[in-house]
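Read through the structure below, which is laid out as structure tokens, and then see the notes.
In the text below, chain A, chain B and the rest are named by the order of the sequence lines, each starting its count at 1.
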Amino acid sequence: MDKPFAITLDPGSSLANHTGSWRTFRPEYLDRLPPCNATCPAGENIQGWLFHAESGDYEAAWRSLTENNPLPAIMGRVCYHPCEGACNRQHVDSSVGINSIERFLGDEAIKRNWQFMKPATQSGKKVLVVGAGPSGLAAAYHLARLGHAVEIQEAGPYAGGMMRFGIPKYRLPREVIEAEVQRIVNLGVTLKLDAKVSSIEESMQAGKFDAAFLAVGAHIGKRAYIPAGTAAKMVDAISVLRSMEGEDKPMLGRRVVVYGGGNTAIDVARTVKRMGAEPIIVYRRTRDKAPAHDFEIEEALQEGVMVKWLSTIKQAEEGEITIEKMALDDKGFPQPTGEFETLAADSVVLALGQDVDLGLLEGVPGLEVKNGTVQVGPNMMTGHPGIFAGGDMVPSERTVTVAVGHGKKAARHIDAWLKGTTYAPPPKHELAGIEKLNTWYYSEAPHVVRPMLDILRRQSSFDEVVQGLDESNALFEARRCLSCGNCFECDNCYGVCPDNAVIKLGPGKRFKFNFDYCKGCGVCVAECPCGAIKMVAEEN
Amino acid sequence: MSFQPVKFYQTGTFTVGNRLLPPEERSVQSDSKRFNSINSGHRACQGCGEALGARYAIDAAMEAADGRIIAANATGCLEVFSTPYPETSWQIPWIHSLFGNTAAVATGIAAALKVKGKTGTRVVAQGGDGGTTDIGFGCLSGMFERNDDVLYICYDNGGYMNTGVQRSSATPAAARTSTTPAVGAEPGNVFGQGKFLPAIAMAHDIPYVATATVADLRDLEAKVTRAMEIRGARYIHILVPCPLGWGTASHDTIRMARLAKETGIFPVFEAEHGEIKSVLAIRRPLPVEDYLRPQKRYAHLFGKQPRIDVIAHLQAQADRNIRKYGLQARKGGH
Ligand SMILES: Cc1cc2nc3c(=O)[nH]c(=O)nc-3n(C[C@H](O)[C@H](O)[C@H](O)COP(=O)(O)OP(=O)(O)OC[C@H]3O[C@@H](n4cnc5c(N)ncnc54)[C@H](O)[C@@H]3O)c2cc1C
Ligand SMILES: Cc1ncc(C[n+]2csc(CCOP(=O)(O)OP(=O)(O)O)c2C)c(N)n1
Ligand code: SF4
Ligand code: SF4
Ligand SMILES: [Mg+2]
């Protein structure tokens, strides 16, 4: 070829120069475990469903959420959201309002009548679920989706368990429970109400069930010994709350003393306040030592519930009680002071916790009961093969979310047990701690606060106290998510590489490295906002 | 409840792209079909800020000019690492000039295009800080003064990096270079010397002057785009950290540029006809120490006896920038 004067070589592209050979470290994409997901007792993939919500695809978000938890509208109201306590965004400004978005999705699903997909095939196996509380409902849902025939037998007249007979309406409207239960029934689950199981073995035989999941909760109110006159009125909190669901509302008088410092005490006090009474909580320790969540105490105080901290009931008579002042010792335990006081009281409601009614388990071989709860293995199976248990009746934290998590976990193990195999959960990804994130890239965005019902209606009606977010607020809140540890396609790696060594694969397909040219500088890793890339040493 | 703007996109425009933004609002660099004006296979160091800054700037210029750009390039790293004969990384018409005459070469190209009636093709000149602020300054000042239709881009890495990190008139005070060693009572580059070329460019009253860094891509792209809307002499000065010359980790290139801007060490602004039009405010204020400490060229300030006096002097320079350009952090970021 004829070349111009002094030119001896054809021009070539630098693509011939594979600078990837300089590399001593290589970047690798990975998914890390977001702290919210790691903390959710129901094992929700929160980051995953928020990802869909961020783009306004609420149905996809709801479908992703309900892979793990069939009760988002309930969750969005009563879950104590430990996820938000772990959320990385608290290190930037304040946590993402995961719970409020979950509620929005749950309500949206009810409004739009989204239903669950039925399984493609049936296994031919029958599973009995005892109790239609959150644990039983969750287990039934997951078992049905795995293709098993499920029947729930529930002692009470309604489904929901403690969500129905414990948690008051002003926190959880009944239509919400109805809608989410109905959707599980629509999936093909048989729900038998007013069907108390008195012997699990007999019921299993009678219905030819291949396995059973027990979730009977803890419903027997604990008693405390209080010297009381014959005319003193003493009732337990659970029966008060339960009677709110029936025709005959409890007759407690005007001055109602609630004894205890847990969430149940708060719920009872707020309930009787709404019925026109003057509740006063008596609790032996201080506010910060009370087992009730602080926000619940705060809401009760706002509504006019009175509290006597550091007090125990010594004596109950008709129309009045005697309380003794307590003082905390160096270990934080309350000690009597010998100082007494009388309080006018038409009735005393005991809210001192609940025990499990284990009647249906009588005579079942292999079963182990300790401290009033049924012992289960890591696979949620009791000592009796084929009988699994979860929720409040097994040793664990007693919350709706833990109960739902047990139901899911048990369903997976029951499924494996029915197939004669064992279920091994997939290995967990490494945690996406805040130190893995580059938070520079996230926009400033204050947390959206949920509106509250006005105080007058909170004192006089059972209308829902905490209101939901509207669409634009929910979208805003969803977009506050940092997408910890999981690529959200921000194009940073693609943009910041000085060597164009990142290939953009298109929407939903993420990126890959071109190792012919990647020099291993690590800029992409440092500038990935969410910590979805890491550097690893090259082998040679 | 207080008002919440709905138009909130998780990372807004801080990240290169954003799947939640409408396509027309996305950056040039986020496009899977971007020009890659400077292609892979170049021989810049790992994590080179200059290679990155050049792609950001020239891709944006290409986008603004519908792909019709001719570039003149001064000697320096950018030229050396991109074009070892017979290879080139450039995917645009590109001409290598001398170390000191790029502005003049670009002026000549612009004149030739005018004569040929091809004014749709635009001319960019580019060079390092040495080629721009030192040896090429005469040609550049002439280009400004004549208001020639050229966009001149200076990639400022604070020294003559290509020849082994010698001092330039853009080397910051106290920095160690091979010609300003960290010895004696006043180690490193002396205070009271050097120049800030963007201010001198402004003094020429040319239509457009801007500064930028590789840490704020959207700002950089907007400035190049704005410059391309204007005819006449335009000047953009981009801070491009150099891992080799600064003694920083290769992965810290963008972080260093961000720290330069956030501490006030490097003011980011734009000016038209000699007047400041906008500044990029500091978002998360930081002391200069945070910027100095990761750089080996300032290691002598953090020895057994830290040079608190020198650090304070550099802090005073940053504070002066913040005052002079109005860089104070504003509520709610920018
Ligand atoms: C007042 C109160 C408020 C609470 N508030 C919250 C809250 O805000 N957030 C939260 O996370 N948790 C809350 N909890 C705790 C939560 O309600 C429970 O942890 C949860 O409901 C336990 O679920 P479960 O499915 O194990 O049992 P349960 O919900 O108790 O359901 C058990 C079901 O089994 C039925 N059953 C019992 N025995 C039989 C039998 N022999 N045959 C057939 N059916 C039977 C029962 O009728 C019941 O429906 C609250 C608890 C109380 C008491
Ligand atoms: C007239 C002349 N003198 C000296 C040189 C040697 N030389 C080549 S590049 C360079 C320094 C370049 O510094 P700068 O312009 O800041 O670019 P950088 O390499 O830092 O990007 C020098 C001194 C030259 N090419 N021509
Ligand atoms: S920012 Fe998002 S992914 Fe990260 S912990 Fe919070 S909710 Fe989860
Ligand atoms: S010496 Fe600096 S400017 Fe030159 S190629 Fe290396 S990193 Fe880039
Ligand atoms: Mg230089």
Please classify the contact of B:N39 with chain A as side chain, backbone, both or neither, using a heavy-atom distance under 4.5 Å. both

What distance separates A:F488 CZ from B:N18 CG, expressed to the nearest 0.5 Å? 7.5 Å

If I take atom OG from residue B:S40 and atom CG from residue A:D516, how far apart are they, to the nearest 0.5 angstrom? 9.0 Å

Point-to-point distance, once rounded to the nearest 0.5 Å, from CZ of B:R19 to CZ of A:F51: 3.5 Å

Heavy-atom pairs under 4.5 Å with chain A are the metric here; pick the option from B:A249, B:P86, B:G53 that has the most. B:P86

Counting only heavy atoms closer than 4.5 Å, note whether B:I254 contacts chain A via side chain, backbone, both or neither. both

Quick check on A:E527 against chain B: is it the side chain, the backbone, both or neither that has a heavy atom closer than 4.5 Å? side chain

Mind ranking A:Y494, A:Y441, A:Y442, A:Y517 by heavy-atom pairs under 4.5 Å with chain B and telling me who comes out on top? A:Y494

Working to the nearest 0.5 Å, report the span between SG of A:C490 and CG of B:L20. 11.0 Å

Using a 6.0 Å distance limit plus a 45 degree cone around the ring axis, check whether B:R283 lies over the aromatic ring of A:W440. yes

Separation between OG (A:S14) and CZ (B:R43), nearest 0.5 Å, reads 8.0 Å

Tell me, which pairs form a ring-ring contact (aromatic ring centres under 6.0 Å, His included) where one or both residues lie in residues 20-57 of chain B, sequence neighbours left out? B:H42-B:F81

Heavy-atom pair with the smallest gap, counting every atom of A:T439 and B:R284: O-NH2, 3.2 Å

Quick one: closest heavy-atom pair of B:S250 and A:C521, and the distance? OG-O, 2.7 Å

Using a heavy-atom cutoff of under 4.5 Å, enumerate the residues of residues 495-512 of chain A that contact chain B, numbered in order, or state 'none'. A:G495, A:V496, A:C497, A:P498, A:D499, A:N500, A:K504

Against chain B, work out which of A:G20, A:C481, A:P529 has the most heavy-atom pairs shorter than 4.5 Å and name it. A:C481

Using 0.5 Å steps for rounding, measure from the CG atom of A:L50 to the CD atom of B:Q10. 9.0 Å

Which atoms of A:S21 are under 4.5 Å from chain B, going by heavy atoms: the side chain, the backbone, both sets, or neither? neither

So, the part of B:R258 with a heavy atom under 4.5 Å from chain A: the answer is side chain

Partner of A:N492 by side chain to side chain contact (heavy atoms under 4.5 Å, CB included), out of B:T15, B:T11, B:L217: B:T15

Would you mind telling me which of B:R26, B:R34, B:R255, B:Q29 has the largest number of heavy-atom pairs within less than 4.5 Å of chain A? B:R34

